[in-house]
There are 2 protein chains.
Amino acid sequence: MKRKSSSREEWAAQIAALDAPVVRKEPITVDRIVTTALALVETEGFAALTMRRVAAALGTGPASLYAHVRNKAALDDLLIGTLSRNVSVPTPHAARWRAQFVEVCGQLRDQFLRYPGIAQAALAAAPANLDTLRITEGLLGILLAGGVAPKPAAWAIDAALLYVSAYTVEASLRRHPDRAEDSRVVDRDEILARLRMLPVSRFPHTVEHADKLNSGEGHERFEFTLQLLLNGL
Amino acid sequence: MKRKSSSREEWAAQIAALDAPVVRKEPITVDRIVTTALALVETEGFAALTMRRVAAALGTGPASLYAHVRNKAALDDLLIGTLSRNVSVPTPHAARWRAQFVEVCGQLRDQFLRYPGIAQAALAAAPANLDTLRITEGLLGILLAGGVAPKPAAWAIDAALLYVSAYTVEASLRRHPDRAEDSRVVDRDEILARLRMLPVSRFPHTVEHADKLNSGEGHERFEFTLQLLLNGL
DNA sequence: CAGTTGACACGAACAGTGTTCGTCCGTAGA
DNA sequence: TCTACGGACGAACACTGTTCGTGTCAACTG
């Protein structure tokens with residue numbers, strides 16, 4: 001009972017606590033951290049994912065997070081693990097192996113695009129994470145069922161996952177250029193105009209085929225690339 | 001002459017300046033900044049590339065750099081521009097277009113690998129930079145000479161450059177894991193051991209072909225992927 | 001030759017980052 | 001009932017990119 005020297009503020013806080021004594025502040029868990037972090041990335045992009053901002057969204061300080069997550073890097077790993085868990089891998093169907101492969105990669109792509117810039121973390125954590133290994137396993141099953149030899153299959157999967165990450169990183173940067181205007185170009189017509197502006201003497205092919213260089217509606221280019229990879233197997 | 005209140009330190013500095021009055025401090029230029037930055041990245045990795053550290057290496061403070069470089073992002077762009085300028089694109093030879101394509105991509109890969117982690121900047125600045133456009137132009141010439149249609153050529157180039165960046169980013173992170181030991185695995189045998197440790201029930205294919213998953217000496221996988229892309233054209 | 005101008009260098013500061021230390025406290029076990 | 005322990009967290013450290021204002025030197029101008 002040595003708290004006889006409590007300040008006025010503490011006293012007021014104690015009185016205020018009388019109102020809601022039962023609804024104890026919900027404890028911080030890894031799940032709550034991950035959920036909050038994902039919401040933050042979804043609305044403000046990966047660059048805004050900060051220990052401080054996650055903590056603030058949880059109504060606490062940054063130090064509180066380190067009891068549940070070793071690192072910012074560890075948090076990133078958790079995020080891409082969660083995203084990977086959202087990808088469902090079908091049971092291999094020998095006749096449709098190409099379509100199945102593209103479909104799984106497309107799921108991953110959509111997950112990454114939903115949380116802009118998070119693929120940067122995926123590039124860092126690729127091989128270590130258990131949840132991404134589940135996807136690798138699934139893709140391997142699909143390719144093996146399609147009659148592809150193990151080694152080319154493994155290498156093609158690696159290339160495809162790398163491509164998915166790079167594709168989504170680039171797509172996110174194009175849409176979310178930090179501050180709407182600042183030397184970064186977003187508009188596609190603008191890019192086309194700049195390509196046409198190049199000196200024909202030094203960039204003959206680029207100028208001539210400028211329209212093809214940045215063409216492709218939706219994810220046409222994405223699927224084109226994957227088909228390219230698969231057709232070579 | 002209102003400097004009569006100079007402190008003792010200033011006085012000492014003035015005396016010291018008598019020794020070398022002619023060798024005026026070399027002015028800061030964009031070239032010196034780029035050279036210093038590249039040396040820094042080469043020895044300590046892209047994560048160590050800091051305005052402050054570049055400035056310190058030049059014997060000044062960070063504010064001095066902003067007279068020559070708008071941003072850290074602008075500096076990054078300059079760096080990958082310089083690296084791109086080191087890549088020499090051959091004049092297209094119709095019969096050897098595949099080899100030429102792979103060779104150019106290999107040059108770019110080696111540039112990126114020499115400066116660990118710098119490919120992260122390449123992923124961000126890809127389409128805007130003039131020097132990388134020179135490479136795109138060269139690759140386009142090679143593919144067109146090989147008889148590839150413009151649109152597939154353009155898309156394949158995009159995919160290949162994306163893959164080069166992703167490949168080098170991942171390779172750099174594997175070699176340079178921030179702090180030698182900290183949940184990140186470097187050793188290849190270690191990765192293999194961990195893959196074999198997986199439960200066979202859930203990861204049958206991964207366990208069975210673990211040795212193929214991370215096989216490939218040198219840049220075998222790199223060239224395999226590029227060949228895959230090219231064979232589909 | 002004297003004087004002004006303008007570009008560059010830079011010290012100091014601001015707002016923000018990841019991470020750690022030490023303290024508090026509430027709950028569970030003895 | 002007392003104790004130990006693990007989570008919560010305030011404060012601080014060492015950084016980051018960037019800006020403001022001041023200084024200082026060079027070259028052009030009258």
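Taking atom CD1 of residue A:Ile28 and atom P of nucleotide C:dG26, one finds them 16 Å apart after rounding to whole Å. For the pair A:Asp76 CG and C:dG18 P, the interatomic distance rounds to 10 Å; values are reported in whole Å. Atom OH of B:Tyr66 and atom C1' of C:dG11 are 15 Å apart (whole Å). Following rounding to the nearest Å, B:Leu58 (CG) and C:dC8 (P) show an atom-to-atom distance of 16 Å.
Aromatic ring orientation, A:Phe222 versus A:Tyr167: tilted (interplanar angle from 30° to 60°).
Under the salt bridge (charged side-chain N to carboxylate O under 4.0 Å, His left out) criterion, A:Arg134 pairs with no residue, sequence neighbours left out. Scanning for side chain to side chain donor-acceptor pair (under 3.5 Å) contacts around A:Tyr115 gives an empty result, with sequence neighbours left out. For A:Ser215, the side chain to side chain contact (heavy atoms under 4.5 Å, CB included) partners two or more places apart in sequence, or in a different chain, are B:Lys151, B:Trp155. The side chain to side chain donor-acceptor pair (under 3.5 Å) test applied to A:Arg196 returns no partner, not counting sequence neighbours. Residues passing the side chain to side chain contact (heavy atoms under 4.5 Å, CB included) test with B:Gln107, sequence neighbours excluded: B:Val87, B:Ser88, B:Glu103.
Using a 4.0 Å cut-off, some side-chain N or O of A:Thr60 falls inside it from OP1 or OP2 of D:dC9. Taking 4.0 angstrom as the limit, A:Ser64 places a side-chain polar atom (N or O) nearer than this to OP1 or OP2 of D:dC9. An OP1 or OP2 oxygen of C:dA9 is reached within less than 4.0 angstrom by a side-chain nitrogen or oxygen of B:His68.
Closest-nucleotide positions on DNA chain D for A:Gly61 and A:Ala67 were compared, and the one nearer the 5' end corresponds to A:Ala67.
Side-chain atoms of B:Asn71 lie closest to D:dT18 of the nucleotides D:dT18, C:dC8, D:dC9.
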Distances under 3.5 Å between nitrogen or oxygen atoms of protein and nucleotides 14-17 of chain C:
unit_1	atom_1	unit_2	atom_2	d
C:dT17	OP1	A:Thr50	OG1	3.1

